[in-house]
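Values in this document were obtained by computation on a predicted structure and should not be read as measured data. Naming convention: chains lettered A, B, ... in sequence-line order (proteins, then strands); numbering from 1 in each chain.
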Amino acid sequence: GNSVTQMEGPVTLSEEAFLTINCTYTATGYPSLFWYVQYPGEGLQLLLKATKADDKGSNKGFEATYRKETTSFHLEKGSVQVSDSAVYFCALNQFYFGTGTSLTVIP
Amino acid sequence: EAGVAQSPRYKIIEKRQSVAFWCNPISGHATLYWYQQILGQGPKLLIQFQNNGVVDDSQLPKDRFSAERLKGVDSTLKIQPAKLEDSAVYLCASSHGAGGTYNSPLHFGNGTRLTVT
């Protein structure tokens, strides 16, 4: 069946550190992959997406590459800011969400 | 554009009572979703509507949950009777549906936090 496995949190980083949040998936067919973000006190919002293998989604300095060979869609950012503190969710199509990874960036 | 509107923001009820949540999607969005998000977990899809028809309700506990989307716009989700394990945030989302619903990003409302005591 379809499922998403997401890196457990919480993650705490210093400002300007490199971020990786791992996401792997199990799917039949050719799913679309998404990262959603939930900032404190706000609703879930789309961060980036990729709809086919080898696509790279990017937004706000975040990137993720759709890797069919490793069934992965890891989220990366080269230099995190305090304002990136949020909960990040990996999703397969619109139906399967990971458990979320809480990120706290400290000055 | 106006976002997805949900009400109420918070609701506290006793077990075995009933409760209803309301959602108004982004104008022009054909597809509407209801999710249940239990604390510490990701959203779990309950039901998907395309216009006013149900596309997928396989994970909706139909013995106690019901949902409708009148005229293909607003939607209500009802729980009757509520159980303790229904305590969660209920999220409504909509998508344009262009290019196939699997590719269209979701636009979420702020959710309704339900506490069942």
Trace of the side-chain contact (heavy atoms from CB on, under 4.5 Å) decision for B/Q59 with A/F95: CA-CA 11 Å; B/Q59 299 206 79; A/F95 310 130; over 6 Å; no
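- Scanning both residues, B/P43 and A/L44, for their nearest heavy atoms gives CG-CD1, 3.8 Å.
- Taking a 6.0 Å sphere around CD of A/E16, one finds it holds 12 or fewer heavy atoms contributed by other residues, nucleotides or ligands.
- Residue B/I12 places its CD1 atom among 12 or fewer non-hydrogen atoms of other residues, nucleotides or ligands, all under 6.0 Å distant.
- For a residue to count as touching a neighbouring chain, one of its non-hydrogen atoms must lie under 4.5 Å from one of that chain's; by this rule A/Q6 does not touch chain B.
- In terms of heavy-atom proximity, A/Y36 sits nearest to B/L106 at OH-N, 2.9 Å.
- Atom NZ of B/K78 has 12 or fewer neighbouring heavy atoms from other residues, nucleotides or ligands inside a 6.0 Å radius.
- Within 6.0 Å of the CD atom in A/E8, the count of heavy atoms belonging to other residues, nucleotides or ligands does not exceed 12.
- At most 12 heavy atoms of other shown residues, nucleotides or ligands fall within 6.0 angstrom of atom CG in B/L39.
- To the nearest 0.5 angstrom, A/L46 atom CG is 11.0 Å from B/S104 atom OG.
- A/V37 is connected to A/W35 through a chain of hydrophobic side-chain contacts under 4.5 Å among Ile, Leu, Val, Met, Phe, Trp and Tyr, so both are in one cluster.
- The distance from the CD atom of A/Q38 to the CG atom of B/L91 is 7.5 Å, given to the nearest 0.5 Å.
- Using a 4.5 Å cut-off between heavy atoms, B/Q37 touches chain A through its side chain atoms alone.
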